[in-house]
> 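The structure is given below, and queries will be raised subsequently.
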2 protein chains.
Amino acid sequence: MTMGNTGGRRKPPTIHDVAREAGVSRGTVSRVLNGGHYVSPTAAEAVNAAIRKTGYVVNRHARSLITGRSDSVGFLLTEPQERFFEDPNFNVLLRGCTQALAAHDIPLLLMLAGTDDERRRITRYITAGHVDGVLLVSSHSGDPVAEELRAAGVPLVACGKPIGLGSKVSYVAADDRDGARDMVRHLLALGRRRIGVVTGPQDTPGGVERLAGYREVLAEAGVEADERLVVPGDYSRASGEAAAERLLARAPDVDAVFVASDLMAQGVLTALHRAGRRVPEDVAVGGFDDSPAAVAATPELTTIRQPWDRISAEMVRVLLAQMGGEDQAAVILPTELVKRDST
Amino acid sequence: MTMGNTGGRRKPPTIHDVAREAGVSRGTVSRVLNGGHYVSPTAAEAVNAAIRKTGYVVNRHARSLITGRSDSVGFLLTEPQERFFEDPNFNVLLRGCTQALAAHDIPLLLMLAGTDDERRRITRYITAGHVDGVLLVSSHSGDPVAEELRAAGVPLVACGKPIGLGSKVSYVAADDRDGARDMVRHLLALGRRRIGVVTGPQDTPGGVERLAGYREVLAEAGVEADERLVVPGDYSRASGEAAAERLLARAPDVDAVFVASDLMAQGVLTALHRAGRRVPEDVAVGGFDDSPAAVAATPELTTIRQPWDRISAEMVRVLLAQMGGEDQAAVILPTELVKRDST
DNA sequence: TTCTCTACTGTGAACGCTCACAGAAGCATG
DNA sequence: CATGCTTCTGTGAGCGTTCACAGTAGAGAA
């Protein structure tokens with residue numbers, strides 16, 4: 001009696017065992033597994049019973065070996081730093097993608113490519129066919145990985161419109177420009193006229209679009225543009241604080257600020273508080289993202305909600321479509337103004 | 001000329017191509033790939049050159065098929081809700097694990113098992129051998145998945161000591177009890193004697209241990225225990241706010257609060273502020289985690305830092321050891337008191 | 001010389017699956 | 001009765017690797 005199985009892993013049943021159990025051939029079992037076409041109802045039932053009885057689970061390695069597909073998808077992060085992991089939106093995105101893929105029984109491989117070295121390794125890994133498609137999260141422009149993957153013909157969907165990659169890559173994004181427009185219109189409706197803006201980095205699509213929306217609405221409303229009201233930030237809390245200080249120095253009569261991220265808006269609030277300006281009485285502050293930071297702030301931030309749950313679902317949908325041979329596509333999803341206490 | 005290769009994926013080189021290029025046999029190439037033992041220097045050099053020239057990457061599916069290993073590791077989350085994804089520590093953990101595994105060229109599969117249905121599916125998937133080991137993140141007790149995986153002999157490392165699973169499962173944890181002791185000692189050293197505590201859920205190891213540490217230090221210091229000073233929370237910001245209100249009602253003379261998480265501590269600060277108590281003058285507040293919430297709070301929180309980067313590294317180390325046949329182990333890592341403005 | 005031992009190399013046989021193909025059976029059509 | 005078509009089923013080949021084994025060559029010992 002050598003078969004102890006004391007905690008060890010038993011050899012799992014193969015398609016052969018199922019076939020024998022069901023009294024059919026491998027081929028028939030395989031057909032049942034892959035959609036059940038050209039299988040008689042009797043045979044199908046016998047196979048399903050045998051699968052239940054044996055506890056059979058298809059060996060994906062064997063399947064992948066012959067099909068050339070891996071039935072898995074990569075979630076690729078090409079940020080140099082931990083920035084993304086501190087962004088709560090990122091989590092919602094990751095979770096949403098994992099769940100949406102799980103519904104298709106597709107596992108998600110998390111890949112981090114921070115350094116050049118890692119980028120090379122990951123690119124090799126992906127182009128070698130170990131994932132069937134890639135969900136790309138990389139805000140900055142000129143990402144060489146995206147370009148290489150695209151050139152290698154790997155199905156690819158980016159989160160946010162990639163800058164400088166031509167139009168050849170699919171993406172799903174919130175309507176940043178429209179969200180910014182909503183916010184600035186909201187501030188105008190409150191009677192504010194000296195509206196400042198703290199921008200995001202101008203090498204990110206969000207940074208560019210949100211600033212553009214701000215400019216458009218002011219122009220449409222006939223409010224005089226004043227470049228002293230425009231200060232750059234990098235999405236970090238600290239940069240928001242510094243930007244607000246510059247803004248106050250350059251345009252002391254500012255009566256509202258549109259900040260391109262909630263995190264920066266937190267910094268702006270801190271700086272305004274220190275300068276003795278009341279929010280929203282003296283200066284109204286509008287954020288962007290509707291992240292947890294928005295409700296954590298005092299006062300709670302009026303902000304623009306990005307539909308992250310829909311974004312993740314759409315990214316997966318577009319990627320699967322592309323893996324199925326469809327052409328690339330761009331999906332733009334609407335944002336929503338969330339009014340709280342800071343305006 | 002049918003070979004257009006217009007964006008499509010070329011057939012990747014196989015071990016055969018490398019062998020032919022190097023003028024050796026498959027076997028020799030395979031040996032080079034797997035450590036290079038019993039290979040002459042000349043042959044090894046020829047093979048390596050051929051690999052570089054052809055751009056060969058080993059087909060993991062083929063390898064896995066025969067070895068029975070998958071060379072990948074699962075990161076399993078069995079939380080019913082999105083709780084974890086809102087926890088910044090979780091991100092650090094996930095990132096740390098991904099990086100530590102990447103150093104061994106092992107991809108990480110992210111698995112979410114929120115519902116019973118998903119749990120079943122994931123358990124099947126794992127026990128079918130599609131990952132070689134599992135990093136488990138599940139704070140609550142009585143997790144059936146962990147038990148099943150353990151029974152199936154799947155290498156497993158938990159984050160935090162699993163409650164009610166016997167001692168048969170490896171885990172890596174911060175020294176919650178010792179961290180709590182440090183914090184309470186710190187509060188005592190400031191001269192506080194009416195020290196309240198907002199606990200975490202008592203079905204989580206952290207919740208239990210942090211409370212225990214609190215009680216121990218007070219007992220050692222000869223401070224009278226008062227159950228009115230002990231109020232439960234669930235790690236959420238809202239529960240911290242509610243807890244602080246109860247605490248103030250039950251023990252108005254409280255002069256310090258040890259809060260079992262930074263997020264709850266934020267809520268505590270809000271409630272104290274509303275009640276007109278100054279922090280730290282009237283009431284000192286100590287948090288736990290050193291999450292971003294700690295510096296986002298006003299005043300910035302004194303807290304206990306958990307060594308998340310080391311925790312992830314250790315989890316991976318222990319898991320790999322276990323996959324290599326070593327016995328299970330428990331690793332407890334020290335915490336650190338971070339003094340800021342709230343005490 | 002002959003034998004043994006070590007270092008190295010090549011080869012066939014798997015691993016578990018899908019795919020292409022061939023064949024069988026049933027039925028309608030010529 | 002032959003022919004074609006459709007639906008179903010079984011079989012052999014092969015995906016790219018590792019593993020076990022059988023060699024070969026050269027060095028050292030008997």
Side-chain angles (χ1 to χ4, degrees), chain A residues 9-48 50-51 54-72 105 124-125 127-132, chain B residues 9-48 50-51 54-72 105 124-125 127-132:
Chain A
R9 291 162 93 143
R10 246 214 185 74
K11 198 173 182 188
T14 74
I15 202 173
H16 239 113
D17 301 323
V18 176
R20 193 173 343 102
E21 180 70 33
V24 298
S25 72
R26 284 172 5 243
T28 301
V29 177
S30 178
R31 276 184 287 266
V32 170
L33 254 33
N34 295 283
H37 301 301
Y38 290 94
V39 177
S40 68
T42 6
E45 187 37 55
V47 168
N48 283 321
I51 288 176
T54 55
Y56 171 77
V57 179
V58 64
N59 182 321
R60 299 171 91 106
H61 301 305
R63 175 182 281 176
S64 293
L65 181 54
I66 189 157
T67 60
R69 283 175 286 116
S70 68
D71 294 319
S72 65
D105 212 27
R124 267 172 79 89
Y125 185 86
T127 50
H130 293 131
V131 294
D132 294 338
Chain B
R9 292 161 92 145
R10 246 214 184 74
K11 197 173 183 187
T14 74
I15 201 171
H16 240 112
D17 300 324
V18 175
R20 190 170 350 98
E21 180 70 34
V24 298
S25 71
R26 284 171 6 242
T28 300
V29 177
S30 178
R31 277 184 286 266
V32 170
L33 254 34
N34 295 282
H37 300 302
Y38 289 94
V39 177
S40 68
T42 5
E45 187 36 54
V47 168
N48 283 320
I51 288 177
T54 55
Y56 170 76
V57 178
V58 65
N59 182 322
R60 297 172 92 107
H61 301 304
R63 173 183 282 176
S64 292
L65 181 56
I66 189 158
T67 60
R69 284 175 286 114
S70 69
D71 294 320
S72 65
D105 213 25
R124 267 171 78 91
Y125 185 86
T127 51
H130 293 133
V131 294
D132 294 338

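Note on naming: letters A, B, ... go to the chains in the order of the sequence lines (proteins, then strands), and numbering restarts at 1 for each one.
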> Without placing hydrogens or testing angles, list every side-chain donor-acceptor pair under 3.5 Å for residues 60-67 of chain A, not counting sequence neighbours.
unit_1: A:R60; atom_1: NH2; unit_2: A:D71; atom_2: O; d: 3.3
unit_1: A:R60; atom_1: NH2; unit_2: A:D105; atom_2: O; d: 3.0
unit_1: A:S64; atom_1: OG; unit_2: A:R60; atom_2: O; d: 2.8
unit_1: A:S64; atom_1: OG; unit_2: A:R69; atom_2: O; d: 2.9
unit_1: A:T67; atom_1: OG1; unit_2: A:R63; atom_2: O; d: 3.0
unit_1: A:T67; atom_1: OG1; unit_2: A:R69; atom_2: N; d: 3.2

> Rounding to an integer number of Å, can you tell me how far B:L65 CG sits from D:dG16 P?
12 Å
> Could you tell me the separation between the OH atom of A:Y38 and the C1' atom of D:dT9, rounded to a whole number of Å?
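Distance, rounded to whole Å: 13 Å.
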> With a 4.0 Å heavy-atom cut-off, tell me which residues in residues 28-36 of chain B come close to DNA chain D, sorted by residue number.
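Going residue by residue through residues 28-36 of chain B, the ones with a heavy atom under 4.0 Å of DNA chain D turn out to be B:S30, B:N34.
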> Got a list of side-chain donor-acceptor pairs under 3.5 Å for residues 16-27 of chain A, not counting sequence neighbours?
unit_1: A:D17; atom_1: OD1; unit_2: A:R20; atom_2: NH2; d: 3.0
unit_1: A:D17; atom_1: OD2; unit_2: A:T14; atom_2: N; d: 2.8
unit_1: A:E21; atom_1: OE2; unit_2: A:K53; atom_2: NZ; d: 2.8
unit_1: A:S25; atom_1: OG; unit_2: A:G27; atom_2: N; d: 3.4

> With rounding to the nearest 0.5 Å, note down the distance linking CG in B:N48 to CG in B:L33.
9.0 Å
> When the distance from NE2 of A:H61 to P of D:dG14 is rounded to whole Å, what number comes out?
24 Å
> Where each residue is assigned the nucleotide of DNA chain C containing its nearest heavy atom, which of B:I66 and A:R60 is assigned the position nearer the 5′ end?
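The residue whose closest nucleotide sits nearer the 5' end is B:I66.
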> Specify the closest pair of heavy atoms between A:G129 and A:S70, including all atoms of both residues, with the distance to one decimal.
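For A:G129 versus A:S70, the nearest heavy atoms are O-CB, 3.9 Å.
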> Given axes from five pairs at either end, by how many degrees does the helix from C:dT1-D:dA30 to C:dG30-D:dC1 bend, rounded to 10°?
60°
> Round to a whole Å and report the spacing from CD1 of A:I15 to P of D:dG12.
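Rounded to the whole Å, the gap is 16 Å.
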> Hey, does B:V57 have a side-chain heavy atom less than 4.5 Å from the side chain of A:T127?
no
> Do any of residues 17-26 of chain A sit with a heavy atom less than 4.0 Å from DNA chain C, and if so which?
A:R26
> If you look only at pairs with a residue in residues 28-45 of chain A, which of them pass as a salt bridge (charged side-chain N to carboxylate O under 4.0 Å, His left out), with sequence neighbours excluded?
A:E45-A:R52
> Would you name the heavy atoms of B:V32 and B:A44 that are closest together and state the gap between them?
CG2-CA, 4.1 Å
> Going 5' to 3' along DNA chain C, which nucleotides are the first and last within contact of chain A (any atom under 4.0 Å from a heavy atom)?
C:dG16 to C:dT18
> Could you pull out all residues at least two apart from A:Y125 that satisfy ring-ring contact (aromatic ring centres under 6.0 Å, His included)?
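So A:Y125 forms a ring-ring contact (aromatic ring centres under 6.0 Å, His included) with A:H130.
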> Looking at B:Y56 and B:I15, what are the two nearest heavy atoms and their distance?
CE1-N, 3.4 Å
